[in-house]
Amino acid sequence: MDNRPVGIMDSGVGGLTVASVLRRRWPEETICYIGDSLRNPYGERTPEEIARFAGEMKDFLLGRGVKAIVVGCNTITFNTPASFYEGPVPVIGMSADFSSLPKTAKAAVFATPASIASHSHRRGLERTLPGAEIAEVPCDGLANAIETGAPEETIRGIIARCIRTYHAEGAGAAVLGCTHYPLVRRLFEELMPGTVFFDPAERTVEDAMERLAAADALADARGDDAFYFTAGTDEAAALMAKVFGKQMPAAPAVL
Ligand code: DGL
């Protein structure tokens, strides 16, 4: 048993969609979360910047005594070198296992420009759906619009434009390849009726918990959760209330 917290990092509030899976399925685990809202969006930055900022968040979480780090961010997961995953505790990135998707002749992935440029989701889709047509859809501006609480009509407009520009229409299945996007899943579903949307968060948390279980490091009693943000703590707290269904404090952090 290990009752130290599980660290979760993201460029902002997106990783809360991963944290909510951990809370729902492993309620005895304590969460220590860091969101770098100040420097969001990461998905429009270079891999060098992304790796540097992610390294700072890793140090922040290690400084708070976490037993593992879940990277609740596709952009970080697919833009960091192998060395990022090494260190004193396991570091688990977002899953690219899409084997539970329905068979379809056309699939799509919606993700940040940096994640799309890595083609990691495409490779995951090709493993599961060999021969399928794959639409890669870089959603410029979408994560930041969600992060900053842009009006629903603005967010709908960005998604609609991306679907059109990158020919995602008619996909039987689509990956929400940025952890911010499940926060507006309803808009995706409205704009692409008939498409099955897949959120990799569930599989990612399962990967992390399997690693901890194998090391006999699951928790049996929850301590105090801590949620840190480098900006926008009021907005983050409001969103956390929706995601977790109760008021939870958001604390400021400096990286
Ligand atoms: N939430 C992040 C992801 O999963 C990225 C958002 C951003 O661009 O900062 O890719």
Side-chain angles (χ1 to χ4, degrees), residues 7-22 33-58 61 69-80 84 91-98 108-125 136-150 154-155 158-159 162 174-185 187-188 197-205 207-208 227-232 235-236 239-240 243 253 255:
I8 301 179
M9 69 165 75
D10 180 46
S11 65
V13 297
L16 294 175
T17 60
V18 178
S20 70
V21 173
L22 181 62
Y33 184 98
I34 175 75
D36 192 6
S37 304
L38 185 65
R39 297 187 290 197
N40 183 279
Y42 280 21
E44 288 153 43
R45 294 181 180 274
T46 63
E48 291 72 24
E49 271 181 312
I50 295 166
R52 181 157 56 87
F53 296 168
E56 290 172 10
M57 288 201 280
K58 183 178 169 187
L61 291 172
I69 295 174
V70 180
V71 182
C73 176
N74 294 265
T75 303
I76 294 174
T77 299
F78 302 122
N79 284 280
T80 40
F84 177 71
V91 179
I92 298 98
M94 290 300 295
S95 173
D97 173 357
F98 307 133
V109 49
F110 294 89
T112 66
S115 289
I116 293 293
S118 78
H119 301 298
S120 303
H121 296 101
R122 166 183 277 280
R123 285 193 291 275
L125 283 167
E136 291 179 291
V137 187
C139 302
D140 232 325
L142 180 56
N144 194 245
I146 297 167
E147 180 76 26
T148 54
T154 305
I155 294 174
I158 296 173
I159 300 171
C162 291
V175 174
L176 294 173
C178 167
T179 54
H180 282 68
Y181 301 171
L183 294 167
V184 294
R185 182 181 185 127
L187 300 181
F188 278 97
F197 283 92
F198 179 75
D199 175 359
E202 204 89 24
R203 186 64 241 161
T204 301
V205 176
D207 286 349
F227 287 83
Y228 297 98
F229 296 87
T230 54
E235 293 80 358
L239 183 62
M240 280 159 57
V243 169
L255 291 172

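We use all heavy atoms of the structure for the numbers below, so side chains are in, but hydrogens, waters and symmetry mates are not. Read the numbers this way: they start at 1 and go in the same order the structure lists the ligands and their atoms. Just so you know, these numbers come straight off a predicted model, no measurement behind them.
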Distance filter under 4.0 Å to [X] heavy atoms, resulting ligand 1 atoms:
X	answer
Tyr42	7 (C), 8 (O), 9 (O)
Asn40	7 (C), 9 (O)
Ala143	6 (C), 7 (C), 8 (O)

For ligand 1, note which part of Cys178 has a heavy atom under 4.0 Å away: side chain, backbone, both or neither. both

Taking non-hydrogen atoms only, is Asp10 closer than 4.0 angstrom to ligand 1 via side chain, backbone, both or neither?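 Just the side chain.
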
Option nearest atom 3 (C) of ligand 1 (shortest heavy-atom distance, choices Val71, Val13, Asp140, Asn74):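 Looking at heavy atoms only, the winner is Asn74.
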
Describe, in one word, how the ring planes of Tyr181 and Phe188 are oriented to each other, choosing from parallel (under 30°), tilted (30 to 60°) and perpendicular (over 60°).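 Rings of Tyr181 and Phe188: tilted, 30 to 60°.
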
Straight-line distance of Ser20 OG to Met240 CE, nearest 0.5 Å: 11.5 Å

Measure the OG1-CZ distance between Thr46 and Arg52 for me, rounded to the nearest 0.5 Å. 8.0 Å

Which pair of non-hydrogen atoms, one from [X] and one from [Y], has the smallest distance, and what is that distance?
X	Y	result
Glu147	Val13	OE1-N, 2.9 Å
Pro41	Asn144	CD-ND2, 3.7 Å
Thr204	Gly93	CG2-O, 3.5 Å
Gly141	Glu44	N-OE2, 2.9 Å

In the protein, what heavy atom is nearest to [atom], and what distance, to one decimal place, separates them?
atom	answer
atom 10 (O) of ligand 1	Thr75 OG1, 2.6 Å
atom 6 (C) of ligand 1	Ser11 OG, 3.3 Å
atom 8 (O) of ligand 1	Gly43 N, 2.8 Å
atom 2 (C) of ligand 1	Cys73 SG, 3.3 Å

